[in-house]
Number of protein chains: 2
Amino acid sequence: MSIKQPPDPPKDGNEIDLGRLGTSFGFVMRMAQVEVFETFFENLSQYGLKPGEFSVLWLLYENPGIRQGALANRLRIKRPHMTKLIQHFEERGLIVRSVPDNDRRGMELRLTAKGRRFVDDRQEAFFTHTEHELDRLSDEEAKQLIRLLRKYLQL
Amino acid sequence: MSIKQPPDPPKDGNEIDLGRLGTSFGFVMRMAQVEVFETFFENLSQYGLKPGEFSVLWLLYENPGIRQGALANRLRIKRPHMTKLIQHFEERGLIVRSVPDNDRRGMELRLTAKGRRFVDDRQEAFFTHTEHELDRLSDEEAKQLIRLLRKYLQL
DNA sequence: TATTGTTATACTCTATAACTATA
DNA sequence: TATAGTTATAGAGTATAACAATA
């Protein structure tokens, strides 16, 4: 019951047919994510910034005293991974950890003065990059795209 | 010149302020990507499907005889990684590789009958999943979101 | 018993450089 | 010289299970 293959036209570079895959949300998301990371590192690697790291430090900047688990939940980073991130930040002197009196299982996190300076020194570059990520789209389209992604995320 | 921290309100679960990060395209993309992967595996792990693997097999299904490098370029998968993926598919008997006469450096890839059957047995589940990925949005919003992502990708 | 954070382990994806064989 | 694919190696990021301390 196997069907004979049609003669194979030679394919190179970009004449490759994505078929239905080209309108799959998951597929275009994955491709777009690759693009997002590439432009991020092109623009910001000189500042020693990684997207995941900056998001953690930024949340500590905005929410001093946040608990480690709450931070992990919010950023959808798994706890074992968060432990490692936090350890590295502590070793670099960017954050301090303290055990709260009311629940001594937990860890409260705060930026040190050095940590706040680290964020302050980079937030302009980070958010300027952010503003230009969607320059291929009109202002209206860019707003719409972010709105729709936030709706998908139920943010 | 350091400014005293305000008293820290206790933060738990979801009252965590994302600040400007919450409208960063890169950030919401990364969060959405996590969600996309989670729902993918919830729905399709029973079929032994991984998104990257399926995309490779699907392109071979639609473009028999495609060159390995062209496939890597199209899917933005790095060549060393593609080599490994292809080796695994060959070991599983899903694809065959052949050296074209006109350029004996290359590798042309084709699904075997088993490989076509593998895709046939899974494409309905895959594309049905795809159709429901954006059920949180209206049909119009879903179309718009995919259109905007494709525009960002210059697809 | 359940929860917070930690440790250990492993797997995927990615990145780079060096290698081969062909062109 | 340049290109297609391979190998080797390393680093992120993630996943799971098992553990200690605390609730």
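Throughout, protein chains are lettered first and strands after them, A, B, ... in sequence-line order, and every chain is numbered starting at 1.
Going from atom CD1 of B/I77 over to atom P of C/dT12 covers 14 Å, rounded to whole Å. One atom, CG of B/N73, and another, P of C/dT14, lie 14 Å apart when rounded to the nearest Å. Distance A/L71 CG to C/dG5 P: 10 Å, rounded to the nearest Å. A/E108 has its CD atom 10 Å from the P atom of C/dG5, to the nearest Å. Taking atom CD on B/Q68 and atom P on D/dG5, their separation rounds to 5 Å, with Å as the unit. As rounded to whole Å, 13 Å separates atom C1' of D/dA4 from atom CG of B/N102. Counting to the nearest Å, the P atom of C/dT16 and the CZ atom of A/F41 are 11 Å from each other. The distance from atom CE of A/M82 to atom P of D/dT16 is 17 Å, rounded to the nearest whole Å.
Regarding contacts with the backbone of D/dA4, every side-chain N or O of B/R97 stays at 4.0 angstrom or more from both OP1 and OP2. OP1 or OP2 of C/dT14 has not a single side-chain nitrogen or oxygen of B/R76 nearer than 4.0 Å. Taking 4.0 angstrom as the limit, A/K78 places none of its side-chain polar atoms (N or O) nearer than this to OP1 or OP2 of D/dT14.
Between B/P100 and B/G106 the shortest heavy-atom distance is CD-O, 3.6 Å. A/R74 and A/L59 make their closest contact through CG-CD2, 3.9 Å (heavy atoms, listed as atom of the first residue, atom of the second, distance). Closest approach of A/E133 and B/G26 over heavy atoms only: OE1-N, 3.1 Å.
Taking the six-membered ring where the residue is Trp, B/F54 and B/F127 present perpendicular rings, their angle passing 60° and hence far from 30°.
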With 3.5 Å as the limit, what N/O pairs link the protein to nucleotides 7-13 of chain D?
{"from": "D/dT7", "atom 1": "OP2", "to": "B/Q87", "atom 2": "NE2", "distance (Å)": "2.7"}

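Here the two rings, on B/W58 and A/F27, have centers that are 6.0 Å apart or farther. Centroid-to-centroid, the aromatic rings of A/Y152 and A/F25 come within less than 6.0 Å.
We find that B/K143 and B/E141 are not joined by a salt bridge, their nearest charged nitrogen and carboxylate oxygen being 4.0 Å or further apart.
Where A/R104 and B/G69 each meet DNA chain D at their nearest nucleotide, the meeting point lying more 5' is that of B/G69.
Comparing atom distances between the B/R105 side chain and each of C/dG5, D/dT3, C/dA2 picks out D/dT3 as nearest.
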